[in-house]
> 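This structure is in structure tokens; I'll ask about it shortly.
Chain letters run A, B, ... following the sequence lines, proteins first, then strands; residues in each count from 1.
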Protein chains: 2
Amino acid sequence: MKARLTIGRLAEAAGVGVETVRFYQRCGLLTEPERPASGYREYCPADVQRIRFIKRAQSLGFNLDDIAGLLKLDGPQTCSLTHDLALNKLNLVEDKIAALASIRDALRQMVRQCELKHQRGTCPIIESLVRDKNERLL
Amino acid sequence: MKARLTIGRLAEAAGVGVETVRFYQRCGLLTEPERPASGYREYCPADVQRIRFIKRAQSLGFNLDDIAGLLKLDGPQTCSLTHDLALNKLNLVEDKIAALASIRDALRQMVRQCELKHQRGTCPIIESLVRDKNERLL
DNA sequence: CTTGACTCCGTACCTATGTACGGAGATTAC
DNA sequence: GTAATCTCCGTACATAGGTACGGAGTCAAG
């Protein structure tokens with residue numbers, strides 16, 4: 001089954017707007033699709049997957065440049081090159097996790113403080129942000 | 001000690017740019033300071049704290065609107081609102097960490113596969129990306 | 001075959017968070 | 001007192017990631 005899609009159907013299937021598809025194409029995240037006589041773009045179902053992939057990666061904090069890199073992993077390149085790209089991305093992800101973990105810890109502490117002693121006049125969250133306590137945490 | 005500051009000294013003390021101070025003022029994050037005959041803004045040391053507060057809150061993932069809210073909440077009776085705001089942010093951060101951890105695991109596995117058997121013709125990373133495995137991995 | 005929905009294109013606009021510019025006036029240092 | 005520095009203001013620009021517009025061509029249902 002061939003199931004070619006117009007831009008509107010593709011957008012709908014992928015859960016984005018038509019303009020977003022055009023935008024991704026301008027950015028090179030989607031390759032220029034077939035164009036029959038009408039000039040209308042003809043997409044294939046794999047493009048739906050590709051857009052969903054983009055959206056998932058995005059929701060995890062990758063920007064469109066990152067994603068372009070990830071998508072290039074799916075290409076005719078040598079194994080060591082893809083290995084290096086993946087490894088590099090892995091390091092970035094690990095750094096990002098570490099940064100988020102320290103933010104998480106700071107937030108946890110603030111929330112806990114607040115639950116423990118919110119009866120005493122001032123709010124510990126505000127307090128902790130006003131003083132320089134987190135300086136080291138972050 | 002009164003220690004009134006010009007905008008430049010304030011910015012320096014708080015570790016931001018002069019334009020950033022003016023910007024925060026336009027946004028209402030800093031109240032319009034005194035203006036002697038010269039027309040130059042005269043800040044007080046508390047404003048340094050206020051800017052640091054903004055910057056720290058920002059690093060925890062609050063945006064300037066959130067922060068304006070926090071600054072308005074700095075009173076005795078509003079602790080539970082602040083608590084909820086922080087808790088909410090904490091949940092978002094935890095979700096993001098979990099999602100990144102699963103990406104990290106997927107990338108780790110890909111890298112390891114590649115290192116184990118990259119001498120055999122095809123690249124396992126490319127293989128795994130060409131198929132729709134990412135669907136589940138990500 | 002008509003009508004309405006869809007698509008084309010380039011370009012302008014949007015939010016968030018600042019940064020930079022430029023010319024005039026104030027202040028400070030020597 | 002003069003030169004260097006600082007500050008004033010409004011406005012424009014920067015970046016990422018879209019979103020909207022408008023007029024013209026195309027497709028599909030009835």
> Hey, is B:E12 close enough to B:R9 for a salt bridge, meaning N to O under 4.0 Å?
no

> Look only at the side chain of A:R4 and the backbone of A:E42, and say whether a donor-acceptor pair between them is shorter than 3.5 Å.
yes

> Considering heavy-atom distances to DNA chain C, does B:G17 or A:R41 have its closest nucleotide positioned more toward the 5' end?
A:R41

> Rounded to whole angstrom units, what separation is found between the OH atom of B:Y43 and the P atom of D:dT7?
10 Å

> Would you find a donor on one side and an acceptor on the other, under 3.5 Å apart, between the side chain of B:R50 and the backbone of B:L29?
yes

> Over how many whole Å does the gap from A:L10 atom CG to C:dC8 atom P extend?
11 Å

> Return the polar atom pairs (N/O with N/O) between nucleotides 16-18 of chain D and the protein under 3.5 Å, or none.
residue, atom, partner, partner atom, Å
D:dG17, OP1, A:L64, N, 3.4
D:dG17, OP2, A:L64, N, 3.4
D:dG18, OP1, A:K55, NZ, 2.8
D:dG18, OP2, A:Y24, OH, 2.9
D:dG18, OP2, A:Q58, OE1, 3.4
D:dG18, OP2, A:Q58, NE2, 2.3

> Mapping B:V18 and B:R22 onto DNA chain D by nearest heavy atom, which one lands closer to the 5' end?
B:V18

> May I ask you to check whether over 12 heavy atoms, not counting those of B:E34, lie within 6.0 Å of atom CD?
no

> Across nucleotides 22-30 of chain C, 5' to 3', mark each nucleotide with B, S or - according to how protein heavy atoms within less than 4.0 Å reach it.
---BBS---

> CD of B:Q25 versus C1' of C:dG18: gap in Å, rounded?
15 Å

> Taking the axis from the first five pairs and the axis from the last five, what angle separates them in the helix from C:dC1-D:dG30 to C:dC30-D:dG1, rounded to 10 degrees?
10°

> Using a 3.5 Å distance criterion without hydrogens, assess whether the side chain of B:D47 forms a donor-acceptor pair with backbone atoms of B:C44.
yes

> To the nearest angstrom, how far is B:D66 atom CG from C:dT17 atom C1'?
14 Å

